[in-house]
*Asks:* 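Take this structure first; my questions come after.
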Amino acid sequence: MTITNQGSGNAAGMVLRPARPHEMTRVIYLFRNTRLRADSQFLVAEKTHPLPRFVAAAAWWAEGTIGKFKIACQPGLRGIEAPASLIQGVLAAANAARLAAVHFADLLPEGHPWSTVLHSQGLERMRSERSFETGSRETWMRIKRLYDKHQVAMPPVWRTDPIQLHGPEVIMDLIAPHRLLPPEEVRQFWQSTAAAGFDPEMSCILFDGKRPFGAFLARRPADILYVDVQVVQEPNPRLRSLADLCLVYHVVRRVGPDGPIHRIRFRCGETEHRQTANLALRMGGHEMTRLHVLGKRF
């Protein structure tokens, strides 16, 4: 389709179209600083004058009934015409695919420049996420002390296994209700070859005998341990607290107080996963800026 200057957000002399096979190397290069799904589809915004050139591109994919997308622009691109046109192109494609909604794939803080562009195209806040950060030394000391104190109360059949000993399907039913990560991303990050995937030793599964009832999935791209999933399925509040302690102790016993991890960042929902938030606060953590998912329902 050709974008003309009729209507808000359109630009004269710009073509919006699917990327062609021979262009994929150039298109993907625009997203060189971001992670994309292998099944992504691509739209490009191409300026036709004075010479044809890509100015921006959108990558989008489906996760169940939800479409997700990212946008990348050439450095120095001014105005919102190209991004706005790409957003409308993604919305049209997702609507044609009969998806229930579309979400911008990246979590954004309040006031982020992308928020203005997304709001201008009809996207609204769908949900928010909270994150809490603790210093690793303080966490190590506190968890070690608590574990030593309460270890005697832990059932002897409990154990934590690093995820490298198991496949992702072991915990899919366990973590599915919490909606922290879609199944496709869990499977992708589980692979030892995945870029910025789960740490195979720090991430673990908590078993009661043969039954998995807890999961701790974390990434370690630098000196921060990012905890994407911390889930315990246990109705007894005391046992649930002990299980949370076991999950974090799995990390503590592998990294000393002065080891390579300097900070731990826990992720949870705006209202869900309060136990994760409470655990982080008990360890002396502080809340980070809240992040938002922007999207549109059809």
*Asks:* Please confirm whether the backbone N or O of Arg20 pairs with a side-chain atom of Glu23, one donor and one acceptor, at under 3.5 Å?
*Replies:*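 The answer is yes, because a donor-acceptor pair under 3.5 Å joins these two groups.
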*Asks:* Measuring centre to centre across the rings, with the benzene-like ring taken for any Trp, is His166 within less than 6.0 Å of Phe207?
*Replies:*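 Yes, the ring of His166 comes within the 6.0 Å limit of the ring of Phe207, centre to centre.
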*Asks:* Between Phe198 and Phe189, does the ring centroid distance fall short of 6.0 Å?
*Replies:*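 So the answer is yes for these two rings.
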*Asks:* With a cut-off of under 6.0 Å to the ring centre and 45° to the axis, is Arg26 in cation-pi contact with Tyr29?
*Replies:*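 So Arg26 doesn't make the cation-pi contact.
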*Asks:* Looking at Arg17, Met14, Arg53, which hits side chain to side chain contact (heavy atoms under 4.5 Å, CB included) with Glu46?
*Replies:*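 So the option named by the test is Arg17.
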*Asks:* Can you tell which of Ile71, Leu123, Asp106 makes a side chain to side chain contact (heavy atoms under 4.5 Å, CB included) with Trp114?
*Replies:*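 Of Ile71, Leu123, Asp106, side chain to side chain contact (heavy atoms under 4.5 Å, CB included) with Trp114 is met by Ile71 alone.
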*Asks:* Under 3.5 Å, is there a donor-acceptor pair between the His292 and Ser128 side chains?
*Replies:*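 On atom types as modelled, these side chains qualify, holding a pair under 3.5 Å.
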*Asks:* At their closest point, which heavy atom of Leu247 faces which heavy atom of Val231, and how far apart are they?
*Replies:*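 Taking every non-hydrogen atom into account, CD1-O, 3.9 Å.
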*Asks:* Flag the pair Asp244 and Arg240 as a salt bridge only when some basic side-chain nitrogen lies within less than 4.0 angstrom of an acidic carboxylate oxygen.
*Replies:*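 No, this pair does not count.
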*Asks:* Indicate the atoms forming the closest heavy-atom contact of Met202 with Val255, along with that distance.
*Replies:*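 Minimum heavy-atom separation between Met202 and Val255: CE-CG2, 2.9 Å.
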*Asks:* Return the minimal non-hydrogen interatomic distance between Cys246 and Trp158, and the atom names on each side.
*Replies:*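 Smallest interatomic distance, heavy atoms only, reads SG-CE3, 3.9 Å.
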*Asks:* Sequence neighbours excluded, which residues qualify as side-chain hydrogen bond (donor to acceptor under 3.5 Å, both in side chains) partners of Glu201?
*Replies:*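 Result, side-chain hydrogen bond (donor to acceptor under 3.5 Å, both in side chains) vs Glu201: Gln164, Arg254.
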*Asks:* State, with a plain yes or no, whether a side-chain heavy atom of Phe69 is found less than 4.5 Å away from one of Phe104.
*Replies:*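 Of all side-chain heavy-atom pairs linking Phe104 with Phe69, at least one is under 4.5 Å.
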*Asks:* Which heavy atom of Pro260 sits nearest to which heavy atom of Arg220, and what is that distance?
*Replies:*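 Closest approach of Pro260 to Arg220: CG-NH1, 3.9 Å.
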